[in-house]
Amino acid sequence: MACTAEGVAAALRAAAEVIAEHRTELVDLDRAIGDADHGENLSRGFTAIVSALETAVPETPAGVVKLAATTLISKVGGAAGPLYGTAFLRASAKLGDAAEIDVPLLLDALRAALEGVQARGKAVGGDATMVDALIPALSAAEGAADGTIADVLTAAADGADRGAESTVDLIPRKGRASYLGERAVGHMDPGARSTALLLRAFAEAAR
Amino acid sequence: MACTAEGVAAALRAAAEVIAEHRTELVDLDRAIGDADHGENLSRGFTAIVSALETAVPETPAGVVKLAATTLISKVGGAAGPLYGTAFLRASAKLGDAAEIDVPLLLDALRAALEGVQARGKAVGGDATMVDALIPALSAAEGAADGTIADVLTAAADGADRGAESTVDLIPRKGRASYLGERAVGHMDPGARSTALLLRAFAEAAR
Amino acid sequence: MKKIINDPAAVVAESLRGLAVAHADLLRVRDDPALVVRADAPVAGKVAVVSGGGSGHEPLHGGFVGPGMLDAAVPGPVFTSPTPDAVQGAIAATTGPAGALLIVKNYTGDVLNFETAAELAAAEDLDVRSVVIDDDVAVKDSTFTAGRRGVGGTVLLEKIAGAAAERGDALDAVEALARKAIGQVRSIGVALSAPTVPHAGEPSFDLGPDEIEFGIGIHGEPGRERIPAEPADALVARMVEAVVSDLPFESGDKVLLFTNSMGGTPQLELYLAHGIAERLLAERGILVERRLVGPYITSLEMQGISLTLLKLDDELTQLWDAPVRTPALRWGI
Amino acid sequence: MKKIINDPAAVVAESLRGLAVAHADLLRVRDDPALVVRADAPVAGKVAVVSGGGSGHEPLHGGFVGPGMLDAAVPGPVFTSPTPDAVQGAIAATTGPAGALLIVKNYTGDVLNFETAAELAAAEDLDVRSVVIDDDVAVKDSTFTAGRRGVGGTVLLEKIAGAAAERGDALDAVEALARKAIGQVRSIGVALSAPTVPHAGEPSFDLGPDEIEFGIGIHGEPGRERIPAEPADALVARMVEAVVSDLPFESGDKVLLFTNSMGGTPQLELYLAHGIAERLLAERGILVERRLVGPYITSLEMQGISLTLLKLDDELTQLWDAPVRTPALRWGI
Ligand SMILES: Nc1ncnc2c1ncn2[C@@H]1O[C@H](COP(=O)(O)OP(=O)(O)O)[C@@H](O)[C@H]1O
Ligand SMILES: Nc1ncnc2c1ncn2[C@@H]1O[C@H](COP(=O)(O)OP(=O)(O)O)[C@@H](O)[C@H]1O
Ligand SMILES: [Mg+2]
Ligand SMILES: [Mg+2]
Ligand SMILES: [Mg+2]
Ligand SMILES: [Mg+2]
């Protein structure tokens, strides 16, 4: 699928389906070390994105990503809402008025997304947050820069999976799980898991 | 044991022990069809009787029974407090200034006790209350009027046991269990059970 | 059983100590027998309004002691009616020539113990009257039961009788108003879980994960029937129907709607239920003119709610609105 | 899960409908985004005091909207911080030239969403300040955590800031007073059972039959440690020690003691705990001059309590005593 506005919209719709399927899993991960709402929050947000796209699909990829950003910011709440919202917002800023996303643009957008999350949430790698999925996702994506958009996103998703897995052994230092300290060890961070799920959905959609 | 003031006091002490031993059983019976306090209420009352008797044992059987009555009235509360209190109060009135209780006096006292409970609580036989233990207790006692005090009390206890057993199949019409209607069928009335326990304790003490 | 207590036998006394120190401006607590008495009792020339019953229903009754409501509350052990001498103590601490009104919930134990106390007070030439409240529509009122139980309506009755006494009504008038209120109030309760009495140590009844006890009493005594769990809309409709059809309340009636938590219900759910009840009453043309929402007559940690409807007239409305200052209800002062 | 709800996704909206109809004299509820706004907002010339956060902690925050306390509350979904546009809506509905103070509990989500809203308001030339309350001593305040959580102190802060705004203080003064209160308030919570979030359908954590979570947060997030159940005397002593030693509170200090139910605790136990806390503070020479006892910041049906101590001075005492009229706190009017 080409990475046009319509292609990005399709990827977001696919992501919404994946989030809905994994809603309970994300709630349960958050129940273990947080407050049991991450799956509910994201599924509320992505359902709203799908509705928004039904009304009208913006003309550029940047427009679609920005619509996703503002919808997430106004519908998700909690920590994940502003963080994912900022990620999408910063990514959309990078996309400019391009009619189609190519690999360099995609990498720029991913970089901007990670920077945005870190600027807002002040988490670094190893704090057991979504940042631990985004960092390896980005470097894997950069390593696959020679491939297609689908290749890049697949590499990113693989990296995010590894990153999410790595949070199991970490002591959380940001967000609600940080209150648990060592008692959180053994649990995967829900935000890292949702990042991996989203990137996988985008990769599948790009095939 | 002779049925002097001291003998009656000893019987009450024995009753207090039996109630303490069966506290949980009575709570559980009451939990099933009432509010889970009958054993607690009676054990509070009989503990207080034992303490009162430690201070001074009144001179006549009537005095001892009256002390038990006023203690039950002022310590038990709930339905059982006024009902047992009235039973003991009416019995003590019958005992007059006798130095020792003989069989005719005992039967008079038992009759007065039953009448007192019925006057206060307005329950008749078949309502699934302590009255259903007291009625067969009294008639069995009257049937054993030729025997000793111990024989009469043993007959009364046997009658009360049968009476308590009979409440299992009854639909309660008085007290808290009446709210349950048919759903109370299959459960023994806690007050009938405690009546049987008390009479058995008195009978054993009279041996 | 996990509870924030020391000794099950001392729960009531220790809790009253906390009440006393938290509300020293309003009330005094006396020990053995336990009493909660208005700080300024006896109030000269005023009819005393006294209530009481087993503990475990807080704030009922001790939380309603203060100007505009109760002169004294008599807390028995958990779920056990207090004894006559405790009631007598409350009468003695509050009652002068103007006399006293005893508010008694219709349970065998309460009725018997308060009756005895009233007899004893009469013997001392005090003018003491009793009213028995029996507002629970869950129980059939027939010769085959101990009669209807006193539940949520008790809170409203204590406020109304207390306001009448506070404004200086004579005992006849306070009693007549109380009887009027009793005639016009009806309640129904439901339980989603059982309370655990400290000395019993186990839940008072077993309820399946998908069962609701419809018509629960405030001691966890079962009521009409056990029903499968259902959405709030259906459950509240069932409750409204039970209450409205009993008096009955009719289109055009002005009412006070009291949505009560049994103790363990999240406030989120309580207001949700209240909103449904208001909507259903509006659909029937019944005019909700006053409302009370909160945990006011509870059954320890039991999850569940009750709905109480009181038919209002101008006088009852005025008495409801009158100033009150107690630990649990306060307005106007 | 057994709850008095219809659809888990509609719980907050339906509950707010009940709040609106029960307290139409005090507040209005707006939908999408959900807001609870003082009935007479915007109050001309007055600093607006706005708070909010995830729902499930009722009466916090919507139950504190009214004269003398909050101008608006922003209820998010259950346990989920509201979004910036909801906060923005509350600011827009209440804030004039005098500006607004946002009271934010220190949770990542709340801080991020309120921060964004404040930025958006600044862009519209409104003078909007935020204070972040982080009174929970259970959490180590270090770079290794998200910092201390905002818990029981929030209720006291909203009362104090609300009273300052109501008496006409300018934004600088209201903000300064709020910061002073934040500096002088400390809390600790314990849980005996877990809450069940409607959309999750299962208890938020598993606690053994003899375990207590010491240092619980108000979303059922665990705290310091899991301890074996112990008598109330020992448990409350542990809580008092945690709070007192943190500020520290010292002999001669005048304090407000707030004994809070987490939602499902019987009032009998709550007052029992309060009495113990008062005794322990007296033993330390700490002078309890004001108190608040009840379920004011809850975690759905969670059983447990929290203790909050606020160090008082004359000004804070005066602001605490000032009239307030909200669904959950009312005195003096
Ligand atoms: N400071 C932060 N930086 C980056 N990610 C964070 C931060 N705080 C929380 N998160 C992410 O947010 C996720 C939790 O999101 P969610 O449950 O929706 O919000 P909340 O914690 O407010 O309930 C965590 O699993 C973590 O990945
Ligand atoms: N009206 C009555 N007449 C006779 N006995 C009664 C009556 N009401 C209740 N009882 C007896 O009292 C017992 C319950 O006593 P208890 O549990 O101590 O009081 P409560 O019902 O107030 O909790 C019942 O099991 C029954 O035997
Ligand atoms: Mg969460
Ligand atoms: Mg009982
Ligand atoms: Mg009882
Ligand atoms: Mg959350």
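These numbers come from the heavy atoms of this one structure, side chains and all, not from hydrogens, waters or symmetry mates. Keep in mind it's a predicted model, so treat the numbers as computed, not measured.
Neither the backbone nor the side chain of B:K122 comes within less than 4.5 Å of any heavy atom in chain C. Contacts between C:E213 and chain B at a heavy-atom distance below 4.5 Å involve the side chain alone, from C-beta outward. For C:D85, the part lying under 4.5 angstrom from a heavy atom of chain B is the side chain only. Residue contact with chain B, scored on non-hydrogen atoms closer than 4.5 Å, involves the backbone and the side chain of C:P84 alike. In this structure, chain C has heavy atoms under 4.5 Å from both the backbone and the side chain of B:D37. Only the side chain of C:D32 comes within contact range of chain B, with at least one heavy atom under 4.5 Å from a heavy atom of that chain. In this structure, the portions of C:E202 lying under 4.5 Å from any heavy atom of chain B include both its backbone and its side chain.
Geometric assessment of C:R149 against the ring of B:Y179 yields a positive cation-pi assignment under the 6.0 Å and 45° thresholds.
For the atom pair CZ of B:R44 and CD1 of B:I49, the computed distance is 12.5 Å after rounding to the nearest 0.5 Å. Rounded to the nearest 0.5 Å, atoms CG (B:D132) and OG (B:S166) are 5.0 Å apart. Rounded to the nearest 0.5 Å, atoms NZ (C:K105) and CG (C:D135) are 10.5 Å apart. Separating the CD1 atom in B:I19 from the CD atom in B:E25 is a distance of 9.5 Å, to the nearest 0.5 Å.
Counting only heavy atoms from C-beta outward, the side chains of C:T298 and C:P295 approach each other to under 4.5 Å.
Note on C:V197, C:L112, C:T108, C:D110: by heavy-atom pairs under 4.5 Å with chain B, the leading option is C:L112. Most heavy-atom pairs under 4.5 Å with chain C, from the set B:D127, B:N41, B:V27: that is B:N41. Counting heavy-atom pairs closer than 4.5 Å to chain B, the top residue among C:Q88, C:R226, C:H219 is C:H219. Contact tally against chain C (heavy-atom pairs below 4.5 Å) for B:G81, B:G39, B:G34, B:G175: the top residue is B:G175.
No side-chain donor-acceptor contact under 3.5 Å links C:Y296 to the backbone of C:P59.
In summary, C:D136 and C:R186 do not engage in a salt bridge, as defined by a charged side-chain N under 4.0 Å from a carboxylate O.
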